[in-house]
Number of protein chains: 2
Amino acid sequence: MFTACDHTESPFRLGGKWTAKIVRCLEDGPRRFSELAAPLRGITPKVLTETLRSMERDGLVTRTVGDGIPPRVDYALTPLGRSLLAPMAACCAWAAAHLPEVEGAREAYEQVAGSAVR
Amino acid sequence: MFTACDHTESPFRLGGKWTAKIVRCLEDGPRRFSELAAPLRGITPKVLTETLRSMERDGLVTRTVGDGIPPRVDYALTPLGRSLLAPMAACCAWAAAHLPEVEGAREAYEQVAGSAVR
DNA sequence: CCGTATCCGACGCGATACTG
DNA sequence: CAGTATCGCGTCGGATACGG
């Protein structure tokens, strides 16, 4: 999703299940691994690691490791990642505003589909 | 992706591979099935049908069937679907503007990862 | 022209358990 | 604390062929 607008193919997609939420969690500053996991309820450490790695790979976040016991790792948005905040906020606002409409449309559609079968 | 911003779970995601492109294809008015398939190079009829159905289900597009030979079916954005254009344009603009950066970051990351292994 | 039917591989995501 | 190691399953997307 959200490749360039000219219908060319692009190898990167921003559509991971958790990506948007992680960006927003990092909006107000760096967060530790466990600080990210807490608000993202239900995410497993494996998936959180995977997602953060791919975001790091794409230049959206940085990963800084502190040396000590216990370990401390901080994740932070890069300027590139920060530039994502505005467009993503627009989409999030859309979702928040129109979720009820979508759900209503779904219910209405189920009615029609259900009656069509019978 | 792009559920409500409050970290609640939501059953709907806008992250289909072709959804965004279809919305933009419909921006300037209704399009027939084949008119959609043409610019979306590589999409199979099955997937196009599936995607359009789910968008119809969510109230984003309408499907109007003309009676005649050959058959004619037009797809058009609903007001709800049209309201998606603005936020999506923001994301598409981001992608267009920052795609090179992301690709650069990927190459740089490959360098590091590759040298780390060896 | 506008789809449907079938089959299938790949990947995303999760559960669970374990480690430096 | 911050991960890694395995395993598994469901969904998404694609190839191909056929139908009204």
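Protein chains get the first letters and strands the later ones, always in sequence-line order, with residue 1 at the start of each.
- The phosphate of D:dA2 has neither OP1 nor OP2 within less than 4.0 Å of any side-chain N or O from A:T49.
- For the pair B:W18 CH2 and D:dC12 C1', the interatomic distance rounds to 13 Å; values are reported in whole Å.
- Across D:dA2, C:dA17, C:dC13, the shortest atom-to-atom separation from the side chain of A:P45 is found for C:dA17.
- Side-chain proximity of B:V47 to D:dG3, D:dG13, C:dT4: nearest is D:dG13.
- Between A:S83 and B:W94, the shortest heavy-atom contact is OG-NE1, 2.8 Å.
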So B:R63 and B:Y75, side-chain hydrogen bond (donor to acceptor under 3.5 Å, both in side chains) or not? Walk me through it.
CA-CA 5 Å; B:R63 177 173 181 269; B:Y75 294 90; 3.2 Å; yes
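- Here the side chain of B:E35 pairs a donor or acceptor atom with the backbone of B:R32 at under 3.5 angstrom.
- Closest to the side chain of A:R53, out of C:dG3, D:dT4, D:dA2, is D:dT4.
- One interatomic measurement links the two molecules: CG of B:L40 to C1' of D:dG13, which rounds to 14 Å at whole-angstrom precision.
- As a whole-Å value, the separation of B:Y75 OH from C:dC2 P is 9 Å.
- Position along DNA chain D of the nearest nucleotide to A:E35 versus B:E50 favours A:E35 as the more 5'-ward residue.
- Here D:dC1 presents its C1' atom at 17 Å from CZ of A:R31, a figure rounded to the nearest Å.
- For A:K17, the side-chain atoms get nearest to C:dG14 when compared with the rest of D:dG14, C:dG14, C:dC2.
- Atom CG in B:L48 sits about 10 Å away from atom P in C:dT4, given to the nearest Å.
- Between B:R32 and the phosphate of C:dC1, there is no side-chain N or O to OP1/OP2 separation shorter than 4.0 Å.
- The side chain of B:R63 lies closest to C:dC2 when the candidates are D:dG3, C:dG14, C:dC2.
- Nearest heavy-atom pair, A:L85 versus A:V23, reported as atom, atom and distance to 0.1 Å: CD2-CG1, 3.8 Å.
- The residue among A:I43 and B:R72 whose nearest nucleotide of DNA chain C lies closer to the 5′ end is B:R72.
- With salt bridges taken as basic N to acidic carboxylate O contacts below 4.0 Å, one links B:E110 and A:R57.
- Atom CD1 of A:I69 is separated from atom P of D:dG3 by 13 Å (rounded to the nearest Å).
- Distance CG (A:D67) to P (D:dC1): 18 Å, rounded to an integer number of Å.
- Each of D:dT4, C:dG14, D:dG20 was ranked by its minimum atom distance to the side chain of B:P71; first place goes to D:dG20.
- Here the nucleotide nearest the side chain of A:P70, chosen from D:dC1, C:dC1, D:dA2, is D:dC1.
- Distance from the side chain of B:K46 is smallest to D:dG13 among D:dT6, C:dC1, D:dG13.
- As rounded to whole Å, 6 Å separates atom C1' of D:dA2 from atom CZ of A:F33.
- Of all nucleotides listed (D:dG3, D:dA15, D:dC1), D:dA15 comes nearest to the side chain of B:T44.
- Taking NE2 of B:H98 as the start and CG of A:D58 as the end, the distance is 13.5 Å to the nearest 0.5 Å.
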